[in-house]
Participant: 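So that we are looking at the same thing, I have put the structure below in structure tokens.
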Amino acid sequence: MKTNDIVRYRVYELIVEISSVSPDSLNYCTTSGLVTQLLKELTGEDVLVRATCIEMVTSLAHTHHGRQYLAQEGVIDQISNIIVGADSDPFSSFYLPGFVKFFGNLAIMDSPQQICERFPVFVEKVFEMTESQDPTMIGVAVDTIGILGSNVEGKQVLQKTGTRFEHLLMRIGYQAKNASTELKIRCLDAVSSLLYLPPEQQTDDLLRMTESWFSSLSRDPLELFRGISNQPFPELHCAALKVFTAIANQPWAQKLMFNSPGFIEYVMDRSVEHDKVSKDAKYELVKALANSKTVAEIFGNPNYLRLRTYLSEGPYYVKPVSTTAVEGAE
């Protein structure tokens, strides 16, 4: 990268930072002509410059006035058109991830439904990218699905795509089992985001939806994630625990857990986790179960009381070693 490139990027970064402060500061920056120059680079010939600039434009879209400006200037349409044209561009893999991420962020900040209906190419591209052979593309697609499905409106947009989304979930389940550690973790994070429903949004329809999504992931998803959580990598272990935590307050998931041989023992077993991060993750799972309104009924009172005990003993409790056996041996 040439020095003048670095200086130029730094100027753009500063312009975006200043523009994000208020509508007035954005106005001030557009008058300088620098914002326009940044936006020109998005559609320019240099794919690497394009990739850097879309990150900055994404930052600008984090503010309401920034999004309004981008929409007014037709930038969002331009980005959409570039995604459309990416198929015929052999260098699109340089900038496509950033352009798709831009839409993912836009959707969750504005309205997933409106963005996906107005720019159907965005959803289309994300689905296409999950089928890619390139782990970078799969990773971006999986992250974006996770962002999109992090609120109920986004989940409903995905649900509307029907069997296509079921197929995509199968792909995510497959990657969670077979991909590199880094991609596995991203798949697990997306699954957690997709399946989580806050208690006040747990309508029968939405619970049926998350249950069917879960079952689309693999033949025996609970076992799949338990298998992943038994691998000796704390990051993977925690990511798998996060999936269990995401569904822990949904009655269908509690029934699955209760009927899965050894699952409750696995939850209660403190010897499974050795490091602080993993102990914290396990504690979050226990907390989500113990605080659920349906768990006493589904798990039964004795198990419910064990959960409450675990909760009150805290994440790092170590059982005192009994001394009575030793005394008799003297």
Side-chain angles (χ1 to χ4, degrees), residues 16 19-20 26 35-36 38-44 47 49-132 134 136-169 171-172 186 190 193-194 209:
V16 166
S19 302
S20 299
L26 171 63
V35 177
T36 323
L38 163 63
L39 297 176
K40 268 208 194 85
E41 306 257 27
L42 273 185
T43 47
V47 289
V49 172
R50 216 182 247 193
T52 311
C53 291
I54 189 68
E55 283 184 23
M56 299 180 199
V57 174
T58 304
S59 305
L60 188 58
H62 280 236
T63 62
H64 181 67
H65 64 271
R67 289 196 293 281
Q68 267 180 326
Y69 173 76
L70 293 172
Q72 274 162 10
E73 295 295 309
V75 179
I76 300 175
D77 292 307
Q78 271 180 334
I79 293 173
S80 171
N81 291 336
I82 289 172
I83 294 178
V84 175
D87 287 344
S88 54
D89 180 359
F91 298 107
S92 64
S93 61
F94 285 108
Y95 58 81
L96 197 57
F99 278 53
V100 169
K101 270 186 199 158
F102 168 82
F103 269 107
N105 282 293
L106 197 65
I108 210 63
M109 283 180 279
D110 257 357
S111 145
Q113 194 182 342
Q114 282 175 347
I115 295 295
C116 295
E117 280 173 8
R118 245 198 92 191
F119 304 101
V121 61
F122 157 61
V123 184
E124 198 47 53
K125 202 59 180 176
V126 173
F127 275 87
E128 219 175 274
M129 283 164 76
T130 56
E131 300 286 346
S132 167
D134 177 354
T136 311
M137 291 294 178
I138 301 171
V140 170
V142 164
D143 293 349
T144 307
I145 291 283
I147 291 172
L148 210 68
S150 60
N151 68 20
V152 167
E153 189 185 320
K155 291 185 209 295
Q156 286 165 328
V157 168
L158 292 168
Q159 174 72 344
K160 276 192 195 126
T161 63
T163 48
R164 285 196 71 185
F165 189 61
E166 280 171 31
H167 183 69
L168 186 147
L169 289 167
R171 291 279 304 158
I172 291 182
R186 287 164 80 174
S193 170
L194 288 167
M209 181 188 78

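Just so it is clear, the structure is predicted and the values come from calculations on it, not from any experiment. Heads up: numbering here begins at 1 and tracks the sequence.
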Participant: Would you please name every residue forming a salt bridge (Lys or Arg N to Asp or Glu O under 4.0 Å) with R50, sequence neighbours left out?
Facilitator: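 Listed in chain order: nothing, the list is empty.
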Participant: Only counting residues at least two apart or in another chain, list the ones meeting side chain to side chain contact (heavy atoms under 4.5 Å, CB included) with S59.
Facilitator: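 Once residues adjacent in sequence are excluded, the partners of S59 under the side chain to side chain contact (heavy atoms under 4.5 Å, CB included) criterion are V16.
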Participant: Work out which heavy atom in A107 is nearest to a heavy atom in I115; give both atom names and the distance.
Facilitator: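 Looking at all heavy atoms of both residues, the shortest contact is CA-CG1, 3.8 Å.
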Participant: Please round to the nearest 0.5 Å and tell me the distance separating atom CG of L42 and atom OH of Y95.
Facilitator: 11.5 Å
Participant: Okay, side chain of H65, backbone of S19: is any donor-acceptor separation there less than 3.5 Å?
Facilitator: yes
Participant: How close do I108 and P112 get, counting heavy atoms only, and between which atoms?
Facilitator: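 Nearest heavy atoms, I108 then P112: CD1-CG, 4.3 Å.
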Participant: Which heavy atom in T144 sits nearest to a heavy atom in G104, and how many Å separate them?
Facilitator: CG2-CA, 3.9 Å
Participant: Measuring from N105:CG to T58:OG1, what's the distance to the nearest 0.5 Å?
Facilitator: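 The OG1 atom of T58 is 6.0 Å from CG of N105, to the nearest 0.5 Å.
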Participant: Consider side-chain contact (heavy atoms from CB on, under 4.5 Å). Of L106, L148, I79, which one does F122 pass it with?
Facilitator: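 Among L106, L148, I79, the one that satisfies the side-chain contact (heavy atoms from CB on, under 4.5 Å) with F122 is L148.
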Participant: When rounded to the nearest 0.5 angstrom, what is the spacing between CG in L38 and CE in M56?
Facilitator: 7.0 Å
Participant: Got a sec: does the NE2 of H62 have more than 12 other heavy atoms crowding it under 6.0 Å?
Facilitator: yes
Participant: Distance check, rounded to the nearest 0.5 Å: R171 atom CZ versus I138 atom CD1?
Facilitator: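 One gets 5.5 Å once the value is rounded to the nearest 0.5 Å.
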Participant: Any chance you could measure T52, atom OG1, to F94, atom CZ, to the nearest 0.5 Å?
Facilitator: 11.5 Å
Participant: Apply ring pair (Phe, Tyr, Trp, His ring centres under 6.0 Å) to F102 and list each qualifying residue two or more places apart in sequence or on a separate chain.
Facilitator: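 Listed in chain order: nothing, the list is empty.
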Participant: Restricting to side chain to side chain donor-acceptor pair (under 3.5 Å), what partner residues turn up for E131, sequence neighbours left out?
Facilitator: H167
Participant: Is there a donor-acceptor pair under 3.5 Å between the side chain of S93 and the backbone N or O of P90?
Facilitator: no
Participant: First locate atom OG1 of T43, then atom CG of N81, and finally report the distance between them rounded to the nearest 0.5 Å.
Facilitator: 10.5 Å
Participant: Quick test of your reading: applying side-chain hydrogen bond (donor to acceptor under 3.5 Å, both in side chains), list the pairs with at least one residue in residues 118-127, sequence neighbours left out, ordered by first then second residue.
Facilitator: D77-R118, D87-K125, E124-R164, K125-E128
Participant: Tell me the closest heavy-atom pair linking L70 and A61, and the distance in Å.
Facilitator: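 Taking every non-hydrogen atom into account, CD1-CB, 3.9 Å.
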Participant: So which heavy atom on M137 is nearest to which on S132, and how close?
Facilitator: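 Residues M137 and S132, closest heavy atoms: CB-OG, 3.6 Å.
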Participant: Just list the side-chain donor-acceptor pairs under 3.5 Å for residues 150-158, sequence neighbours left out, or say none.
Facilitator:
{"residue": "S150", "atom": "OG", "partner": "I147", "partner atom": "O", "Å": "2.7"}
{"residue": "N151", "atom": "OD1", "partner": "E153", "partner atom": "N", "Å": "3.4"}
{"residue": "N151", "atom": "OD1", "partner": "G154", "partner atom": "N", "Å": "2.8"}
{"residue": "E153", "atom": "OE2", "partner": "S111", "partner atom": "OG", "Å": "2.7"}
{"residue": "E153", "atom": "OE2", "partner": "Q113", "partner atom": "N", "Å": "2.9"}
{"residue": "K155", "atom": "NZ", "partner": "G149", "partner atom": "O", "Å": "2.7"}
{"residue": "K155", "atom": "NZ", "partner": "S193", "partner atom": "O", "Å": "2.9"}
{"residue": "K155", "atom": "NZ", "partner": "L194", "partner atom": "O", "Å": "2.9"}
{"residue": "K155", "atom": "NZ", "partner": "Y196", "partner atom": "O", "Å": "3.0"}

Participant: Looking only at non-hydrogen atoms, find the nearest pair between A86 and L96 and report the distance.
Facilitator: CB-CD1, 3.8 Å
Participant: Classify the ring geometry of F103 against F119: parallel below 30°, tilted from 30° to 60°, perpendicular beyond 60°.
Facilitator: tilted
